[in-house]
Amino acid sequence: GRLYLNKVFHMSASKMFELLFTDSGFAQRFMNIRKITKANFSPWQKDPSGNMKRTLSYVITISNPLIGKSSAATESQMLHRDSKDGQYYLVDSEVYTHDVPYHDYFYTHNRYYIMSNSKRKCRLRVYSDVKYRKQPWAFVKSFITKNSWSGIEDYFRQLESELLEEEAELNQAGGEL
Ligand code: YK8
């Protein structure tokens, strides 16, 4: 996978997990900014192997006229069983976009690592990869890969900047206590 985000934030690892992977105000605001609508999230549930899983469905807004204006998407997230609450979280996610051209050929795999650095600091790393379910013609493949990378890059750049804003607010609020 390619590394799209790698940064230390001034908040605890559990706070970062809460922001990104629960029904937090931050997650709702971020979806509004990205014009993600019709969001439906299942609760986290433990599977027989001890991993936690949840599924998300939503409609994404796309600004590329070649691709369309929007697409339904489903995302399956798995919190690995060797994650340690407050210390270390590993979430794998698979995103399927159902209404873009060649949607039956590919999906995106995202891997989120949240590592605690100290009580009030954590590192967030996100890797992404475009995966193929069947092999398209080489020209089509490079078209899909290019368009996916630019979309993914844009998304995580914005996620980083919104997280920095959230961090500033959290630390300001903390300073007033
Ligand atoms: C998740 C990867 C590809 C897709 C899109 C499709 C290009 C089609 C290429 C052919 C539109 C929120 C993306 C960016 C949509 C958004 C997805 C998001 C950002 C037709 C030329 C949605 C993370 C995520 C993962 C993959 C992204 C898609 O939390 O280019």
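Residues take their numbers from the sequence shown, with the count starting at 1.
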If hydrophobic clusters are built by linking Ile, Leu, Val, Met, Phe, Trp and Tyr wherever their side-chain heavy atoms come under 4.5 Å apart, do [X] and [Y] end up in the same one?
X	Y	result
I67	I60	yes
L5	I33	no
Y113	W44	no
W149	Y132	yes
F106	I62	yes

If you compare all heavy atoms of [X] against all heavy atoms of [Y], which two are closest, and at what distance to 0.1 Å?
X	Y	answer
L163	F26	CD2-CZ, 3.5 Å
T61	K35	OG1-O, 2.6 Å
A13	Q87	CB-O, 4.4 Å
R81	S49	NH1-O, 2.7 Å
A27	L19	CB-O, 3.7 Å

Where at least one partner belongs to residues 98-119, residue pairs that pass salt bridge (charged side-chain N to carboxylate O under 4.0 Å, His left out), sequence neighbours excluded: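 For residues 98-119, and leaving out neighbouring residues, the salt bridge (charged side-chain N to carboxylate O under 4.0 Å, His left out) pairs sorted by first residue read D92-R111, D104-K134.
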Within a reach of under 6.0 Å around OH of Y88, are more than 12 heavy atoms found that belong to other residues, nucleotides or ligands? yes
Could you tell me which residues satisfy ring-ring contact (aromatic ring centres under 6.0 Å, His included) with Y4, sequence neighbours excluded, listed by chain and number? none
Just to verify, what does F9 make a ring-ring contact (aromatic ring centres under 6.0 Å, His included) with, not counting sequence neighbours?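 Partners of F9 under the ring-ring contact (aromatic ring centres under 6.0 Å, His included) test: none.
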Nearest-0.5 Å distance, [atom1] of residue [X] to [atom2] of residue [Y]:
X	Y	atom1	atom2	result
M16	L124	CE	CG	5.0 Å
H103	I144	NE2	CD1	10.5 Å
L159	I152	CG	CD1	13.0 Å

Salt bridge between E166 and R29, side-chain N to carboxylate O under 4.0 Å? yes
Presence of salt bridge, R34 and D154, under 4.0 angstrom: yes
Measure from the side-chain N and O atoms of S42 to the backbone N and O of T55, and report whether any donor-acceptor pair falls under 3.5 Å. yes
Donor-acceptor pair, distance only, cut-off 3.5 Å: does the side chain of E167 make one with the backbone of H10? yes
Can you list everything that forms a side-chain contact (heavy atoms from CB on, under 4.5 Å) with [X]? Sequence neighbours excluded, please.
X	value
N117	V8, K121, R123
Q45	none
E18	K15, T22

Taking the six-membered ring for Trp, are Y105 and Y102 parallel (under 30°), tilted (30 to 60°) or perpendicular (over 60°)? perpendicular
Could you tell me whether F41 and F21 have their ring centroids closer than 6.0 angstrom? no
